[in-house]
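Only a predicted model underlies this, so the values are computations on that prediction, with no experimental measurement involved. All residue numbers in this chain count up from 1 along the given sequence.
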Amino acid sequence: MFGGYGLSVKIRLTRVGAKKQPYYRIVVADSRSPRDGKFIEKIGIYDPKSDPSKIEVDKDKALDWIKKGAKPTGTVQKLFDKIDLKR
C-alpha cells in the first residue's frame, strides 16, 4: 500500500516561511513524520499573508492521492473546499 510507505498517509501543510511570515507547502506525508520533516510528494502551496490568500494545488495529484487512501487534515480539507476540490 502506498508504494512502501506507512499505513497512514496524510495530506498536510509544511511551514517553510520565515519568522512572522508563514508560507506553506501542501504535501503528502507519512503521518508519523514530523510537521516539517520528510514528505512523499509536494502537491501545492498556500500563502495566507497575500490578499486574498494564494492557494495553488495540482488537483490531479491531490485526487490521485485521495483515491489511494490519503486523508487530508482539517486545515487542508478547508483549503480544498475553497478551491472546490471534491473527493
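R35 contributes atom CZ, which lies 12.0 Å from atom OG1 of T73 (distance to the nearest 0.5 angstrom). Summarising the geometry, atom OG belonging to S8 is positioned 8.5 Å from atom CZ belonging to R32; distances are rounded to the nearest 0.5 Å. Distance check, rounded to the nearest 0.5 Å: CD1 of I83 to CD of E56 gives 10.0 Å. The distance from the CH2 atom of W65 to the CD1 atom of I40 is 4.5 Å, given to the nearest 0.5 Å. With rounding to the nearest 0.5 angstrom, the CG atom of L85 is 9.5 Å from the CG atom of D60.
Applying the 6.0 Å contact sphere to NZ of K59 captures more than 12 heavy atoms from other residues, nucleotides or ligands.
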Distance-only donor-acceptor hits, side chain of residues 17-29, under 3.5 Å, sequence neighbours excluded:
none

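Contact between R12 and S31 at its shortest, heavy atoms only, is NH1-O, 3.8 Å. Closest of all the heavy-atom pairs between Q77 and P72 is OE1-CG, 3.4 Å.
Using a 4.5 Å cut-off on side-chain heavy atoms (C-beta onward), T14 and K42 make no contact. Put simply, the side chain of L13 reaches to within 4.5 Å of the side chain of L79, judged on heavy atoms.
Residues forming a side-chain contact (heavy atoms from CB on, under 4.5 Å) with S53 (at least two apart in sequence, or on another chain): Y46. Here D47 pairs with nothing under the side-chain hydrogen bond (donor to acceptor under 3.5 Å, both in side chains) rule; sequence neighbours left out.
In the hydrophobic clustering of ILVMFWY residues, with side-chain heavy atoms under 4.5 Å counting as a link, L63 and I11 come out together.
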